[in-house]
Amino acid sequence: MVDMFPPPAQARVPVRGGGSFPVHRIYCVGRNFADHAREMGAAAPASKTDRGTPVFFMKPADAIVCGDADVPYPPATDELHHEVELVVALDRDAPAGRLDPADAPALIAAYGVGLDLTRRDLQAAAKAKGLPWDIAKGFDHSAPISELVPAAEVGPLGARDLQLYVNGELRQHGSLGDLIWDVPEILHELSTLYALKAGDLVFMGTPAGVGPLHPGDVFRASLDGVATLQGRITGGV
Ligand code: MN
């Protein structure tokens, strides 16, 4: 059969050292740092045994913006917010069934740093009505991401830092040691809901300090200096 039209370009992220990472899906974790949960007015778990289940949502694969490119200010919002996050990249399919957290590291190819850009006004309205977050989270250009750094080069994540500067001012600063759900735990939880595949990216959630971005703002995100992302918000679409 002949395609009715040329297929859309495969979304890809460059990998340090060569090659590219074809994107299958983008999973995102909400409320994964207690300080951010509190700043959003949500209850933060008192302990690891009191944390309930993680909050998940998705972005379309073609929401990524790569290569320190400009990001257009999105339509339909007056409150675009930054959320700096660790990004985990999988290069193997999970086995059928639930993924044991101990087996999760074998699926991880690389890490990066990204922004979970959010139309906060639309998210607040959705939350107030008990509606889904899709229009607040899964819009075009909503997932700027650094080049991916092979996991072997990153080494143990431990308590590595996440940082975000906007116009040279430090806006967000957190430690991966403060994740409520760590990477193996999140991959396990996702595996109970979805078939994880090579090409999946997972945005791991943001620390406190989220705030507005405006046209002309320049951002610089860092995963402890190992992966960095720079870009500028432009006048919009
Ligand atoms: Mn987020």
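Heads up: numbering here begins at 1 and tracks the sequence. Just follow the structure's listing: the first ligand is 1, and inside any ligand the first atom is 1.
In summary, the aromatic rings of Tyr194 and Tyr27 are positioned with their centroids under 6.0 Å apart.
With hydrogens and angles left out, the side-chain atoms of Thr234 and Asp70 include no donor and acceptor closer than 3.5 Å.
Looking at heavy atoms from C-beta onward, Arg31 lies out of side-chain contact with Met40 at the 4.5 angstrom threshold.
When every heavy atom of Gly205 is checked against every heavy atom of Asn32, the shortest pair comes out as CA-CB, 4.3 Å.
Screening the protein for N, O or S atoms under 2.8 Å from the Mn ion (ligand 1) yields 3; no waters enter the count.
Here Glu189 pairs with nothing under the side-chain hydrogen bond (donor to acceptor under 3.5 Å, both in side chains) rule; sequence neighbours left out.
Looking at Asp116 and Lys59, a side-chain N of the basic residue comes within less than 4.0 Å of a carboxylate O on the acidic one, giving a salt bridge.
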